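Following: one structure in structure tokens, then a few remarks.
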2 protein chains.
Amino acid sequence: MPFTAAEENYIKTIFQLQIIEGMVSTNSVASTLETSAASVTDMLKKLKLKKLLVYEKYKGFKLNNEGKRAALSIIRKHRLWETFLVNILHFKWDEVHEVAEQLEHIQSNQLIDHLDHFLGNPQFDPHGDPIPDAAGKMPIMTQINLTKFPLHIVGEVCSVGSQSSDMLSLLSHKHIEIGSKISVEQFFAFDESIDVKINNSIMVNISAKLAQHLYVKKLNYAS
Amino acid sequence: MPFTAAEENYIKTIFQLQIIEGMVSTNSVASTLETSAASVTDMLKKLKLKKLLVYEKYKGFKLNNEGKRAALSIIRKHRLWETFLVNILHFKWDEVHEVAEQLEHIQSNQLIDHLDHFLGNPQFDPHGDPIPDAAGKMPIMTQINLTKFPLHIVGEVCSVGSQSSDMLSLLSHKHIEIGSKISVEQFFAFDESIDVKINNSIMVNISAKLAQHLYVKKLNYAS
DNA sequence: TTAAAATTTTAGATTTGTCTAAAAATATTT
DNA sequence: AAATATTTTTAGACAAATCTAAAATTTTAA
């Protein structure tokens, strides 16, 4: 049961939308894929016929288990190819998306398994997104400690490990609070300190001890 | 001017046929691509419109310089991907064709240039076929068909004409691969079969049909 | 709770690449 | 050179994926 590239793009998009929205609407798929609502309706009929989603006219839709399995396989391919492009071919992390969009549709389990092995069975892609394994299992890591957070990726502070007032007033002074947009710009192996950039462009130097208590949630970027 | 995968398959096929046949016929393309003659005629009209070939109804056709340039670019991609699959991902040389047929259609000059560099700008692919460079230049090699090869001279297998998996797995079973040292010990005019000796002294009888697809490079030190 | 607005689906058309069957052109053979 | 065979092209149809415009349905709001 191989899918066409168009079907795969719909499957992947619906999967990502239903994580956020639960039930997915025709218009949200249309605007994500930059296509017309009519085209989405047409494709929904095909995907329903192939028993990949639960769908009733005018009522919204979502992938069933079979559809989710398919989506995870496509996401696995996409993220492994992105890892290959950045780690092996030295693409910059912001240049890989378009090419990975093409490579993810290559049909060969042998290829993707060999690629996975060659890359050392990576758990996360260059954007920090988790890579599903061959069985579709994916490490669910919504919270990442700032010391482990990938460089140059914007995250959102969602948890602070220490509740001590010293800590919290320091954070307050640096204008860091729950919801602040943060990216790690540099990591110094020497003393494990890091440079952090807040959304308003103020550079702050945060010590490792502080960073250990900051938990950051990745934003929902399409990757 | 990007081409569709279908267009690229026709361009590549016509290029390979016109090396052998000079002028190419509708039927030869149809049988190579396992499609109908009517489909070939349809595609010829499109390729003529895109100024990739010289074609008059009922008179045969061939690629012009623009078409050849396109063909060499596709062949470059195909052979670089085959090299990647065998040298890096450790595919067997008889398993790569189908996957490379897909990968050759990925559209990204940056990708193929980075891949070329990563592989060390190889001159020949795992089947011994020359890889065109970014400008379309291709190294020419003195290749002699096994049926024409002088008796008792040790040569090195450098190319296999047929990519059929039957052929390749037969060769694999006989321990013949690119780089194998081979000598022709006897030629039987009767049925054009030949006796071939491999470097490890195993005698194999190879039929003429098989030999026709084996190209052997003369080694300078062999006598 | 109707009227207006937004969303979704249907209807009909288009493009790409394919097919079969039949017609046209070329090649072969008697 | 005429009859036959082969090759090639045309004609008409189909599936996939898309579009626009109009109709159907649901949601929102006066």
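None of the values given here were measured: they were computed from a predicted structure. So that the names make sense, note that chain A is the first sequence line, chain B the second, and so on, each numbered from 1.
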Verify the ring-centre separation between A:His78 and A:His97: is it less than 6.0 angstrom?
yes
Can you confirm whether or not the ring centre of B:Phe84 sits under 6.0 Å from the ring centre of A:Phe84?
yes
Using whole Å, report how far [atom1] of [X] lies from [atom2] of [N].
X: B:Glu56; N: C:dA24; atom1: CD; atom2: P; result: 20 Å
X: A:His105; N: D:dA17; atom1: NE2; atom2: P; result: 12 Å
X: A:Lys59; N: C:dT7; atom1: NZ; atom2: C1'; result: 13 Å
X: A:Phe61; N: C:dT7; atom1: CZ; atom2: P; result: 14 Å
X: B:Lys48; N: D:dT8; atom1: NZ; atom2: P; result: 16 Å
X: B:Asn27; N: D:dT7; atom1: CG; atom2: C1'; result: 6 Å
X: A:Glu7; N: D:dA16; atom1: CD; atom2: C1'; result: 9 Å
X: A:Tyr55; N: C:dT8; atom1: OH; atom2: P; result: 9 Å

Measure from the side chain of [X], starting at C-beta and using heavy atoms only, and say which of [options] lies closest.
X: B:Thr35; options: C:dC19, C:dT10, D:dT8; result: C:dC19
X: B:Thr41; options: C:dT9, D:dT8, D:dT18; result: D:dT8
X: A:Ala38; options: C:dT8, D:dA17, D:dT20; result: D:dT20
X: B:Thr26; options: D:dA17, D:dT9, C:dC19; result: D:dT9
X: B:Lys57; options: D:dT10, C:dT10, D:dT18; result: D:dT10

Looking at A:Asp113 and A:Ala134, what are the two nearest heavy atoms and their distance?
OD1-CB, 4.4 Å
Return whichever of B:Ser36 or A:Lys45 has its heavy-atom-nearest nucleotide of DNA chain C closer to the 5' end.
A:Lys45
Quick one: is B:Tyr10 getting a side-chain N or O under 4.0 Å of the C:dT18 phosphate, OP1 or OP2?
yes
Residue of the set A:Val99, A:Leu115, A:Leu119 for which side chain to side chain contact (heavy atoms under 4.5 Å, CB included) holds with A:Trp81
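Going through the options one by one, the only one that passes is A:Leu115.
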When you check the gap from the basic side-chain N to the acidic O, do B:Lys12 and B:Glu101 get nearer than 4.0 Å?
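Yes, charged N to carboxylate O under 4.0 Å.
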Map B:Ala37 and A:Lys46 onto DNA chain D by nearest heavy atom, then report which one ends up closer to the 5' terminus.
B:Ala37
A:Ser39 near the nucleic acid: base, sugar-phosphate alone, or nothing, with a heavy-atom cut-off under 4.0 Å?
base
